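First up is the structure itself, then whatever we jot down about it.
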Amino acid sequence: MLRADRNLTERLFSQGLLKVLVCTATLAWGVNLPAHTVVIKGTQIYDPKAGGWRDLGMLDVMQIFGRAGRPQFDKSGEGIIITSHDKLAYYLRLLTSQLPIESQFINSLKDNLNAEVVLGTVTNVKEACAWLGYTYLFIRMKMNPLAYGIGWDEVMADPSLSLKQRDLISDAARALDKAKMMRFDEKSGNFYCTELGRIASHFYIQYTSVETYNEMLSRHMNESELINMVAHSSEFENIVVRDEEQNELEMLARTYCPLEVKGGPSNKHGKVSILIQLYISRGSIDTFSLISDAAYISASLARIMRALFEICLRRGWCEMSSLMLDYCKAVDRKIWPHQHPLRQFDKDISSEILRKLEEREADLDHLHEMQEKDIGVLIRYGPGGKVVKQCLGYFPSVLLTATVSPITRTVLKVDLVIAPQFVWKDRIHGTALRWWILVEDSENDHIYHSELFTLTKKMARADPQKLSFTVPIFEPHPPQYYIRAVSDSWLQADALYTITFHNLALPETQTSHTELLDLKPLPVTALGNGTFEALYKFSHFNPIQTQAFHVLYHTDRNILLGAPTGSGKTISAELAMLHLFNTQPDMKVIYIAPLKAIVRERMTDWRKRLVSQLGKKMVEMTGDYTPDLMALLSADIIISTPEKWDGISRNWHSRSYVTKVGLMILDEIHLLGADRGPILEVIVSRMRYISSQTERPVRFVGLSTALANAHNLADWLGVDETGLFNFKPSVRPVPLEVHIQGYPGKFYCPRMNSMNKPTYAAICTHSPTKPVLIFVSSRRQTRLTALDLIQFAASDEHPRQFISMPEDSLQMVLSQVTDQNLKHTLQFGIGLHHAGLNDKDRSLVEELFANNKIQVLVCTSTLAWGVNLPAHLVVIKGTEFYDGKAKRYVDFPITDILQMMGRAGRPQYDQHGKAVILVHEPKKSFYKKFLYEPFPVESSLREQLHDHINAEIVTGTISHKEDAVHYLTWTYLFRRLMVNPAYYGLEHAEPGILNSYLSSLVQSTFEDLEDSACIKITEDSVEPLMLGSIASQYYLKYTTVSMFGSKIGSDTSLEVFLQILSGASEYDELPVRHNEENYNEKLAEKVPYAVDHNRLDDPHVKANLLFQAHFSQSELPISDYVTDLKSVLDQSIRVIQAMIDICANSGWLSSTITCMHLLQMVMQGLWFDRDSPLWMLPCMTDDLLNSLHKKGIASIQQLLDCPSELLRAITGSSAASKLYQDMRHFPRIQVRLKIQPKESNGGKIFTLNIRLEDANTQRRTAKAFIPRYPKVKDEAWWLVLCNTSTSELYALKRVSFSGRLQTHMDLPSTLTNFQGIKLILVSDSYIGFEQEHSIEGLA
């Protein structure tokens, strides 16, 4: 019956309008409708599961009788049971004496055990026995052993039944092991889950079915064999064949079954396969029992098909996976794979039209090419043509294009671009479509890579999506691989791309490792210098240092040292530094480290030793800290990030200290292949070029992990055979044992969750008492992982096992911690470490871990690079992280994984280290291969060539095309082009092809730079333009300045400036994490300027919101936003300064001033136009502000000029003293101007002499007072020479000083009189400190 009819009947009966209700037994359970009398007419019911009649169970009878007697109206109720004579006694007995309920759990023990193993709650026999102890079965077995086949003698011998428990579990485990659903190691009693078991558990497939599939499933099956195999599933074993159904079944087989029915309708499996085919064909049935059988079958069909598809996919069978996926979709949509694909639009297209399309055999490609009216003619119905054409537009299709680049001879990297080619309509496609991306080798019938790609509506409208993955390739090469994208829900929606191996040039295999010689370790005294020896606490150098000692310490040769992490490479670099201090004490050492964290570690380490013990001067150059010129000139050691050194060495002609570098140390040089690699490549190439120009040799020392192509790197660094040390990854001072475990699960968060128990198990197995590092991908994961570990420790009844310090000292530590999560986890001896912690918390955690006070540290991947905290065991939990730019999870680079593994094993304490890597199942083989084989380093300079070529044009290194080609020959890119041309899209590396490639690369780069107005190309030369020079000076991308050039006008408003600033390419990488668009939406409601609501997941929109939140001082939603804001503000300074320069160079006064206001806003975290400048004072309150405003005081200048008695009178004495305290931080600049005429070239020009003096004598510093800006900065001033009435800007000068300053500016010679000419003094840090001085009266 329909739902509405049922509701009506129930209502009429409950209101007493109907006196008698005839219903099925289910009503007793489902609906609470009591009556005075209940009659059970007949006690037999048809059970489709058993396929016959069975007696009504006692529970049902009790339930039905329970409906007799209405509590409000009746004193008693009546129950009548009408049954056959032979059953009467049976029901009487049941009604009078209650039977106990027994457990049926043994029947499905195998399935349930498998489910627990897959879930990870049961990992061995002991845990399984404990789990069984919680079941009702175990309780009943103790009470009534005979019912479960346990004899009395067994009970006597084993009263707790623990042996029986063990037997049950072992038998189930053996059976599961035999069916390959899990691996049961009898010796240790451990269970290991397998793919098959996992699929069975996820799709709720019974153990007996899996046995059937193991037997029947094969590589090549036709469709009727497949349907027959599904019919054999144990899910359908209860279905029986009845004589009365035979005629109808035969008729159905003739009408609705396109496939052959094995065994015919008289056979049980034949009947099931007829009903399966009938379901897909949407047939109709008459017989009642057949309808219920068909409904029973259709309920299980979809999951069985999906499970079989997953099994085939995991086995890597192309043909079967494809067939199974077709049938999954056929069942979901009830359409046969061979029918017309447009049948999937059966709501829009009439069945008549579909039938005609099938008769005329018009496939999709054909229809795509036809016009509307031609289709109308084809189906003999004009208006139908339009509908069909419309549906064709909605039919999901994608276009695949791929570029293949060989990494080594056996591994290909595939970059796949997926471009959707259809119109998205929510009614048809929902919110997302899923596509299987398969790479298959049809020759060997094998799938080498499979992943599920989700295409959302937003992605379908944006640019084509990119995916990258690696696939293996074997000799002899197959003719081709196919990349297929197959829709997960649409029949016949697939796309194909062919990779041919016909012309693919694979790189030569050339990994030559240096043998580690069996030398006697050198004592520290080999340095032959007492002060040097005192630097080291150990007595002997390790084998690697010993082997390289002579070349490092006694020669000037360039060196490339490749050795695994943790083998003391830093000390090797120090040897080269000591050699320089010995031989050329006036030359500088420059140490380049690709990450800020490494720079910080080097600084703290060397400050303790080299600076204090050798008396050397050292400066740090990172985004956080820029030293002044004097410090750089006097420094012996400069530690820098690649970007900073690149920015400084660009103008090496004018900077003497760049040419005074005698030794350049490049740490982690294998990061050349990572995203910041190009900068490393450029600075090395430039330093080599400088040393060839100045004829002063610079010594290069490169440090890296073990490399596959050390020779190319050595060649590029100018290292000869004697200076090349490339040890095997296995040559570690502390040997490493690696375990790789795969975990399935398509979705990231649940997969990470399923790794927590194995992580705890790894700690208990490998390192129960020694320190453990756990690397995870995000701050959120650090917290979740730590909380789960605490929970597992507690359920093991050792909640405090990871902590080793007394309670009182623990409480003292906790009182110093600010982060709440950290406070909680530290009580259990687990530390957290990520960028969201403040410095104090972070160093506290490092100290506790280093001193073994806490045993476990859960941290993000950056810790592996920055802080040298080795542990006995390293667990890498998951190898992907969420890439905000690509909006999905991507893999960590191999270098990061190696670096994390390298933290395992502490040289002083451990005989060996252990690393456990938990990865996504499909990637397991990839990691197995590359963790032991070194990975070749390729160049990624091509992608960033524009900015670097532009910089060289600005410095004058490149002045025509030949220079640029010559410049490229200095790069590492050039070395790799010759070795692995196919990676860079070349067929082979013949000189002719190489030359044309380089010159076309230069040509296209020049053209792009010219289009964006950065350079000007004449016949035979190139010269920089204003935008190009600004990009190079402020280290901006050429796309950014080009965008500025086109968007900034003569009087751009503040709001537009803010949009332009957030649109800079520098913010492309700002992470927009999972679900952060929701936070952005909330923020967007709070801020004054509107943002684009359709692009809330865009990094530039987020940057805009962060700026506005900073100016409004709004509460940020989560701690991640605080660190994001830090990095956004950090980048903004140089971007705004570049914008000011562009405005000033164009002579636009009002834009220049507005942009300066924007910089002041960033510094102070206030709105220029909405907030009073008095808010710069920390003690300011609303009341104080009002009372000052009433007296007409609106700026700090006026406050400074206000007499102290008046101020006290306005504010009261305590507030006044606080105000004075705060006002000491601000300068009071006094300006004196004088015009001096000067003769020049026969003409007379005027110079404006300017004297600036800070009248605030209480200030000791020239550092700006900017409490809301995260970094320290010197205050600076702009002198703007302009005409305010015509809004023209003549000159701009930026000065910074402490105390006083004398400077001058030349007045433009075109000016005849000085009418309306003014000098405006603008601060770069304070709001409302402008001063205007007219020049008219001075002349």
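For clarity, every value in this text was computed on a predicted model and none was experimentally measured. Every heavy atom of this structure was used, including side-chain atoms; hydrogens, water molecules and symmetry mates were not.
Closest approach of Val965 and Ser999 over heavy atoms only: CG2-CA, 4.3 Å. Nearest approach of Gln480 to Thr500, heavy atoms of both residues: CB-CA, 4.1 Å. Taking both residues in full, the closest heavy atoms of Thr955 and Thr957 are given as OG1-OG1, 3.1 Å, listed atom of the first, atom of the second, then distance. Taking all atoms of both residues into account, the shortest heavy-atom contact from Asn950 to Ala1031 is ND2-CB, 3.7 Å. The two residues Ala402 and Tyr497 have their closest heavy-atom pair at O-OH, 3.2 Å. Shortest non-hydrogen contact noted between Val1022 and Ile958 is CG2-O, 4.2 Å.
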*asked:* One pair to check against salt bridge (charged side-chain N to carboxylate O under 4.0 Å, His left out): Glu620 and Arg602. What are the steps and the verdict?
replied: CA-CA 10 Å; Glu620 162 185 10; Arg602 283 278 87 359; over 6 Å; no

*asked:* As a quick check of understanding, evaluate side-chain contact (heavy atoms from CB on, under 4.5 Å) for Thr1040 and Tyr1038, giving each step before the final call.
replied: CA-CA 5 Å; Thr1040 303; Tyr1038 81 105; over 6 Å; no

*Check the pair Ile559 / Phe700 against side-chain contact (heavy atoms from CB on, under 4.5 Å), numbers first and verdict last.*
CA-CA 6 Å; Ile559 286 178; Phe700 290 92; over 6 Å; no

_Run the side-chain contact (heavy atoms from CB on, under 4.5 Å) test on Ile669 and Ile592 for me, step by step, so that the C-alpha distance in whole Å, both residues' side-chain angles and the decisive distance to 0.1 Å come before the verdict._
CA-CA 9 Å; Ile669 199 168; Ile592 305 275; over 6 Å; no

_Run the side-chain contact (heavy atoms from CB on, under 4.5 Å) test on Phe881 and Tyr889 for me, step by step, so that the C-alpha distance in whole Å, both residues' side-chain angles and the decisive distance to 0.1 Å come before the verdict._
CA-CA 5 Å; Phe881 65 99; Tyr889 287 95; 5.7 Å; no

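Rounding to the nearest 0.5 angstrom, the gap separating the CD1 atom in Ile590 from the CG atom in Leu666 is 9.0 Å. Atom CZ of Arg976 is separated from atom CD of Glu681 by 11.5 Å, given to the nearest 0.5 angstrom. The OG1 atom of Thr403 sits 9.5 Å away from the NZ atom of Lys466 when rounded to the nearest 0.5 Å. From Thr470, atom OG1 reaches atom CG of Leu412 across 9.0 Å, with rounding to the nearest 0.5 Å. Interatomic distance, NZ of Lys644 versus OG of Ser649, reported as 12.5 Å (0.5 Å rounding). In this structure, Ile1015 CD1 and Ile953 CD1 are separated by 4.0 Å, a value rounded to the nearest 0.5 Å.
Although no hydrogens or angles enter the test, the distance criterion places no donor-acceptor pair under 3.5 Å between the side chain of Ser1021 and the main chain of Ile1017. Side-chain N or O atoms of Asp720 include one that pairs as donor or acceptor with a backbone N or O of Gly723 at under 3.5 Å. No donor-acceptor pair under 3.5 Å is formed between the side chain of Glu1066 and the backbone N or O of Leu1036. Asn542 contributes a side-chain N or O that, together with a main-chain N or O of Gln545, makes up a donor-acceptor pair within less than 3.5 Å. The backbone N or O of Ser685 sits nowhere less than 3.5 Å from a side-chain atom of Tyr972 that would complete a donor-acceptor pair. No donor-acceptor pair under 3.5 Å is formed between the side chain of Asn558 and the backbone N or O of Val701. Here the side chain of Arg699 pairs a donor or acceptor atom with the backbone of Arg557 at under 3.5 angstrom. Counting only distance, with no hydrogens or angles, the side chain of Trp716 and the backbone of Trp970 share a donor-acceptor pair below 3.5 Å. Judged by distance alone, the side chain of Arg1134 and the main-chain N or O of Tyr1035 form a donor-acceptor pair under 3.5 Å. Although no hydrogens or angles enter the test, the distance criterion places no donor-acceptor pair under 3.5 Å between the side chain of Ser704 and the main chain of His670.
In this structure, the side chains of Leu941 and Val682 come closer than 4.5 Å at one or more pairs of heavy atoms. In this structure, the side chains of Asn709 and Asn980 stay at 4.5 Å or more apart for every pair of heavy atoms. At a threshold of 4.5 Å between non-hydrogen side-chain atoms, the residues Thr514 and Gln547 count as touching. Residues Asp891 and Tyr927 form a side-chain contact, since some pair of their non-hydrogen atoms from C-beta on lies under 4.5 Å apart. Put simply, the side chain of Glu952 reaches to within 4.5 Å of the side chain of Tyr967, judged on heavy atoms. Counting heavy atoms from C-beta on, the side chains of Met687 and Val661 come closer than 4.5 Å. Using a 4.5 Å cut-off on side-chain heavy atoms (C-beta onward), Ser940 and Pro678 make contact. Contact check for Asp646 versus Glu643: no side-chain heavy atoms found under the 4.5 Å cut-off.
Listed by chain and number, the residues in a salt bridge (charged side-chain N to carboxylate O under 4.0 Å, His left out) with Lys413 are Asp415 (sequence neighbours excluded). Take Arg688 and apply the side chain to side chain donor-acceptor pair (under 3.5 Å) test, not counting sequence neighbours, and it matches no residue. In this structure, the ring-ring contact (aromatic ring centres under 6.0 Å, His included) partners of Phe549, at least two apart in sequence or on a different chain, are Phe541, Tyr553, His554. Taking the ring-ring contact (aromatic ring centres under 6.0 Å, His included) definition, one finds that Tyr481 meets it with Tyr448, Phe501, sequence neighbours left out.
Screening residues 569-581 for side chain to side chain donor-acceptor pair (under 3.5 Å) gives Tyr536-Glu574, Asp556-His579, Glu574-Trp606, Glu574-Arg609 as the qualifying pairs, with residues at least two apart or on separate chains. Pairs passing the salt bridge (Lys or Arg N to Asp or Glu O under 4.0 Å) check and including a residue from residues 959-975, sequence neighbours excluded, read Asp715-Arg975.
In Asp518, the CG atom is not crowded: 12 or fewer heavy atoms of neighbouring residues, nucleotides or ligands sit closer than 6.0 Å.
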